[in-house]
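Order of the sequence lines sets the chain letters (A, B, ...), proteins ahead of strands, with each chain counted from 1.
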2 protein chains.
Amino acid sequence: MAQGPTITTIAERAGVSIASVSRVLNGLPTRQETVRKVMAAAEELGYVRNAVARSLKSRRTHQVAFAMADVGNPAYLAMLREIQPVLKAAGYRLVLHSTGAVVADEIDVLHSLGERYVDGMIMVPLRVTEAHLQMLGAARAPVVVIGSVPEGTPVDNVRADSRTGVRLAVDHLHALGRCRIALVNGPTDTVPGAARGAAYREALAELGLPYDEELVEIGDFYRAEGGRAVAALLNRVSDVDALMCANDLIALGALDVLRAAGKRVPEDVAVVGMDDTDLAAASWPSLTSVSLGSAERGRVAAELLLDRLQDGEHEPRVVTVPPRLVVRASTTPEPPAVRDVTGAAGQAATQSRSTEGGGTS
Amino acid sequence: MAQGPTITTIAERAGVSIASVSRVLNGLPTRQETVRKVMAAAEELGYVRNAVARSLKSRRTHQVAFAMADVGNPAYLAMLREIQPVLKAAGYRLVLHSTGAVVADEIDVLHSLGERYVDGMIMVPLRVTEAHLQMLGAARAPVVVIGSVPEGTPVDNVRADSRTGVRLAVDHLHALGRCRIALVNGPTDTVPGAARGAAYREALAELGLPYDEELVEIGDFYRAEGGRAVAALLNRVSDVDALMCANDLIALGALDVLRAAGKRVPEDVAVVGMDDTDLAAASWPSLTSVSLGSAERGRVAAELLLDRLQDGEHEPRVVTVPPRLVVRASTTPEPPAVRDVTGAAGQAATQSRSTEGGGTS
DNA sequence: TTGTAGGCGTTATCAC
DNA sequence: GTGATAACGCCTACAA
């Protein structure tokens, strides 16, 4: 781990100036003889260009940050899986930020954008506060936000359509003859929690079903918490025949609790999750879930950012990714060979790439 | 997105030299009056220090790279989830590299270490070639390898114990009265594939069971491939009563195929996976799996790297993480409340943190 | 074609 | 205490 060689070292070794070395290294027109000498010296010394020095000069790091609440969340991982190859193909490295659910940390990450160690950022805020908007307005590098921001925020924005998503699910349950459809939600002060709560209410109204507060339970977006919430719900209301869960983890918790309680799924209680993560297809029974296009949102975000990194100046763009209902065993006893129902008529085919494996020694 | 202010801008604004600005910013002893002026100017200008320039000077980027074959692989993700918080707590950012299964890409990543855009690296090579060893020997920054490298390789090394892991699984199956235990493996020219193949053979020998080539099927480490391999196997051999799968994805594929073939799991065929990913607990039936301590290996690797980044020079260290058999429904009809069997007597409690959730709008 | 020199934004070593 | 000034490693006018 000795001190690595620099262009100066090479210059001395080759008996030329550092300017010539730089030229050769960058493929600028140079005499053959010089090229040979420099290349030889570089080779012998095992020279590798210093990316930091180069960035200082060029003002480009070829790095992009991805900031989300939690690396362990399968929905974010689905985004990550799409973002990574897109950026890599364009010659960018991906820097990960896991902020926890702490708003201050998100602001901090946004602040650190100013340190210029990345050329841009993709961010999935859990809550969007005034402080967020202020930082976004003052950002010194392009930012793409996954999740809705108010009109006029000067960043590109990739949205899911929770509203339609929840409606697809509720319609599906209703069509199966379910009338006591409960909502198991996460905290309502989060962006997704709020959206899904409102959408649930709307969907019921559209179907002419009454909104019953008894049928709404707030927990958190985790499996254990979801289970607890469902237990509380069942304890309170006895005639629930369907659970609309605000994400897949909650839904898995629901399955755990229902099984323990001796309820059959879907005969006694049908269950729908959200995000359509890998866990949905693997669960027991397999889980009907609303895909909000995590993978596609990630891919689109990466593409928007790359575009912005190249061109620079357009108006802020907003892209909304349509949801899809993926029907599995938790709502229909005989899973109909994975039927898909698309939310927006004939929209972009959200190709959720199959999870790949690989051993580890 | 105007040109950001630098210490020079601040110096002018505050009417002092850049040296003083730097001192104030770094908390070095300075007169109160000067401190005030500089802070005020910095505040007004919204100054954020340039990480690149700072790195050039300090020769530290406060970044660490994590390189693996595929961001989509749950085993690597388990590592990632542990690595990230450890590094973050120590003030490091994580740069992700997904190399695909391509050896050349791994070498390339190792090469890029020389660009000094990170202070160190954690790598999980799928194969370990001569080229790998050469690059590792010449590395200009500390590297920790997850997966076995030959004695004498000058890097810290965190290993799983496939051998014991496979033995735990095979013993378990044998104890359940299974005698025709098949192996569904991934490519045998990979580190894990080779290790698991050899371990299977050993485990049978120890139990006095015959090694039957008919019972070994090679596919790949993915769900679909695993399914195909199992189909081929069942087609060839009719009396298989247990499947030892080289990872969880293969095992899930096996469950798919067995179900389609009308075989009951575990009554007709017992199934064991490896890596104990989130998918194992969520699957249908839930999957008995050998945990090779992905999470712990990640955490240990991060700690070794941090230690090396601070101190610098010790001898290369080797840490082996013990496997655990996690028994679930795919081998015992009545899952015994998730019984754990530890591979090494009373070893470090591999605390596999429960996957956390979170909604996304 | 090639070399000299200045600058990217910081930090750190000097004299003052 | 503070202010010039020299690095850090690279790129690039501009001159030769």
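When the side-chain nitrogen and oxygen atoms of A:Ser20 are compared with OP1 and OP2 of C:dG3, one or more of them lie within a distance under 4.0 Å. One finds a side-chain N or O of A:Tyr47 lying less than 4.0 angstrom from the OP1 or OP2 phosphate oxygen of D:dC10. The shortest distance between the side-chain N/O atoms of B:Asn26 and the OP1/OP2 oxygens of C:dT11 is below 4.0 Å.
For the pair A:Arg140 CZ and C:dG9 P, the computed distance is 12 Å after rounding to whole Å. Taking atom CG of residue A:Asn50 and atom P of nucleotide D:dC10, one finds them 5 Å apart after rounding to whole Å. Atoms NZ (A:Lys37) and C1' (C:dT1) sit 12 Å apart, rounded to a whole Å. For A:Leu28 and C:dG3, the CG to C1' distance is 15 Å, given to the nearest whole Å. In this structure, B:Glu12 places its CD atom 12 Å from P of C:dG9, rounding to the nearest Å. The CD-C1' distance, from A:Glu115 to C:dT10, rounds to 13 Å in whole Å. In this structure, CZ of B:Arg60 is placed 17 Å from C1' of C:dT10, rounded to the nearest angstrom. The CD1 atom of B:Ile7 sits 11 Å away from the P atom of C:dC8 (whole-angstrom rounding).
No donor-acceptor pair under 3.5 Å is formed between the side chain of B:Asn26 and the backbone N or O of B:Leu28. A donor-acceptor pair is defined here as one N or O able to donate and one able to accept, closer than 3.5 Å; no such pair exists between the side chain of B:Thr153 and the backbone of B:Val155. A:Asp119 places no side-chain N or O within donor-acceptor distance of the main-chain N or O of A:Val64, the cut-off being under 3.5 Å. Between the side chain of B:Ser20 and the backbone N or O of B:Ile18, no donor-acceptor pair lies under 3.5 Å.
Distances were taken from every side-chain heavy atom of A:Lys57 (C-beta onward) to each of D:dC10, D:dC8, D:dT2; the shortest belongs to D:dC10. Nearest to the side chain of A:Arg54, among D:dC10, D:dA7, C:dG3, sits D:dC10. The side chain of A:Val16 sits closest to C:dG3 out of C:dG3, D:dC8, D:dT2. For A:Ser22, whose side chain is taken as the heavy atoms from C-beta onward, the closest listed nucleotide among D:dT2, D:dC11, D:dG3 is D:dC11. Taking only side-chain atoms of B:Thr6, from C-beta outward, the nucleotide of D:dG3, D:dT2, C:dG9 with the closest atom is C:dG9. Side chain of B:Arg49, nearest nucleotide from C:dT11, D:dG3, C:dT1: C:dT11. Counting only heavy atoms from C-beta on, B:Ala19 has its side chain closest to D:dG3 among D:dG3, C:dG9, D:dC11.
Between A:Gln32 and A:Ile18, the residue anchored nearer the 5' end of DNA chain C, judged by the nucleotide with its closest heavy atom, is A:Gln32. Residue-to-nucleotide proximity on DNA chain C shows that, of A:Arg31 and B:Val48, the 5′-proximal contact is made by A:Arg31. If B:Gly15 and A:Thr8 are placed on DNA chain D by their nearest nucleotide, the residue sitting closer to the 5' end is B:Gly15.
Within 6.0 Å of CD on B:Glu43 lie no more than 12 heavy atoms contributed by other residues, nucleotides or ligands.
Looking at heavy-atom distances under 4.0 Å, A:Arg59 makes contact with sugar-phosphate atoms alone, never a base. Residue-level contact check: B:Leu25 touches neither bases nor backbone, having no heavy atom under 4.0 Å from any strand. Residue contacts for A:Ser55: at a heavy-atom cut-off of 4.0 Å it reaches no nucleic acid atom on any strand shown. At a threshold of 4.0 angstrom between heavy atoms, the contacts of A:Thr34 are confined to the sugar-phosphate backbone, with no base atom among them. If you check every strand for non-hydrogen atoms under 4.0 Å, A:Arg23 touches a base.
To the nearest 0.5 Å, atoms CE (A:Met123) and CD (A:Glu106) are separated by 4.5 Å.
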